[in-house]
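Structure first, then comments.
Just the heavy atoms: all of them, side chains too, but no hydrogens, waters or symmetry mates, feed the values below. Order of the sequence lines sets the chain letters (A, B, ...), proteins ahead of strands, with each chain counted from 1.
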2 protein chains.
Amino acid sequence: MGSDDTPAPGAATRESATRARTRRAILDAAVSVLTADHSASLGDVAEAAGVGRTTVHRYFPERSDLLAAIGTDVRDRVAAASERARLDEGPAPEAMERLCLEYFELGDRMLLLYDVPQFVAWSGIEEESAADLALLALVRRGQQDGTLDPEVDVSWLQDVMWALLYAAWIQARDQGTPKHTALSLCLRTLRKAVAP
Amino acid sequence: MGSDDTPAPGAATRESATRARTRRAILDAAVSVLTADHSASLGDVAEAAGVGRTTVHRYFPERSDLLAAIGTDVRDRVAAASERARLDEGPAPEAMERLCLEYFELGDRMLLLYDVPQFVAWSGIEEESAADLALLALVRRGQQDGTLDPEVDVSWLQDVMWALLYAAWIQARDQGTPKHTALSLCLRTLRKAVAP
DNA sequence: CCTTTCTGGAACAGAGATGTTCCATTGTGG
DNA sequence: CCACAATGGAACATCTCTGTTCCAGAAAGG
């Protein structure tokens, strides 16, 4: 590593395949380590990723850079999940279930984002993402056509969905419930909870 | 403070009124500070409690002692709340709502216990507390007399209750919803979610 | 095969938290 | 009022994490 780490100082340089792989390994390891302990050290992350602590610093100069990268990563995955769910198609409750299914796959990452507010702060995730807006529109649509409970606030319905997903993850993690079972419990309960 | 801090070395000595007050101030401050930032320093706790850092150390020699004390404190409050709810009286769904009402009052403390697993580990809270068992019995009773959904697992129903409480706290904290409103949303949703 | 890229380890300085000791001061209670 | 309990602050050693630099060796890639 004789000289310069950032090959093209000012431009958006494409990463080599090797670097991309290492980068992803660090990111994934960070998610799983930080999920277990929010204040884990960068040394722990490096060890879990199977790389040297120096290498972690090479990719993410400061701790906050790593956290921000995790935040951005999750943001992208959420956006992709939201699109795959095609929230504007079909009956609202079913669209909501499709969304749950997609979000459920994100697993650990969402838990992390939820209770470490710094990820959001560092990575420039704004209050209202496209995914949030799409869900908001979905709920409004469902309330208007009478398929969703019209008496509760939109943000509450949204919180309930997150809470039930959270419960399903916990159920799978702590009780050893198979993931598909936990998910189906989640969907069943959500269906009743959001019904008019 | 010339000499000895633990007046009677081996016995269960009753604390003086002064010490009891200081102890509680530190404990309460610790809860509110750690809620905001799980890795806050003991200096922060001391400042919030309005005492010197030395004093904190006098009451809780090591950091883990403080965390354990918080855990024990919450455990006691949960037990008291569970008893006040009189889970063995009246219809199961209403008993469950009484419990929610009691738990909701515990607020911050529960959130803390939920996502800082060390509290549980340090303070000797066992897996199955009396409160857990009482809730378990309540759910069984409700399922047998047909007032609670019999198709879902007991532990799931339990998780759902916690999840909705969590959602209500978040709603109050982040959305600025008045507490009583958040609670009534929580109860309304729970009622539908646990219905057969 | 040989050059460039990439990596791991060691060694270092600085910051912050922890836990300890000692002492002067305040206050509480008898 | 006076003895003793209780406190706050300063000073200290220690520890861990962080972020940095430098270099030798492994791995890619032409």
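Ion pairing between a basic and an acidic side chain is recognised when a charged N comes within 4.0 Å of a carboxylate O; B/K192 and A/D149 show such pairing. At a threshold of 4.0 Å, the pair A/D73-A/R23 does not count as salt-bridged, since none of the basic side-chain nitrogens sits closer than that to a carboxylate oxygen. A salt bridge links A/D28 with A/R109: at least one charged nitrogen is closer than 4.0 Å to a carboxylate oxygen.
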A/Q171 and B/W156: CA distance, side-chain angles, deciding distance, side-chain contact (heavy atoms from CB on, under 4.5 Å) verdict: CA-CA 7 Å; A/Q171 179 85 7; B/W156 171 248; 3.9 Å; yes

Check the pair A/Q175 / B/D153 against side-chain contact (heavy atoms from CB on, under 4.5 Å), numbers first and verdict last. CA-CA 11 Å; A/Q175 306 283 341; B/D153 192 62; 5.9 Å; no

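Residue A/S16 places at least one side-chain N or O closer than 4.0 Å to OP1 or OP2 of C/dC6. When the side-chain nitrogen and oxygen atoms of B/T18 are compared with OP1 and OP2 of D/dA5, none of them lie within a distance under 4.0 Å.
By the 6.0 Å contact criterion, CD on B/E102 is enclosed, its count of non-hydrogen atoms from other residues, nucleotides or ligands being greater than 12.
Partners of A/R86 under the side-chain hydrogen bond (donor to acceptor under 3.5 Å, both in side chains) rule, at least two apart in sequence or in another chain, are A/E89.
Taking every heavy atom of residues 21-35 of chain A and every atom of DNA chain D, no pair lies under 4.0 Å.
Side-chain to base pairing of B/R58 with D/dG8: one donor and one acceptor N or O lie within less than 3.5 Å of each other. A donor-acceptor contact under 3.5 Å links the side chain of A/R53 to the base of D/dG19. One N or O donor and one acceptor, one from the side chain of B/T54 and one from the base of D/dG9, sit under 3.5 Å apart.
Residue contacts for B/Y59: at a heavy-atom cut-off of 4.0 Å it reaches the sugar-phosphate backbone alone, with no base atom in range.
Within the helix from C/dC1-D/dG30 to C/dG30-D/dC1, the inter-axis angle between the opening and closing five-pair segments is 30°, rounded to 10°.
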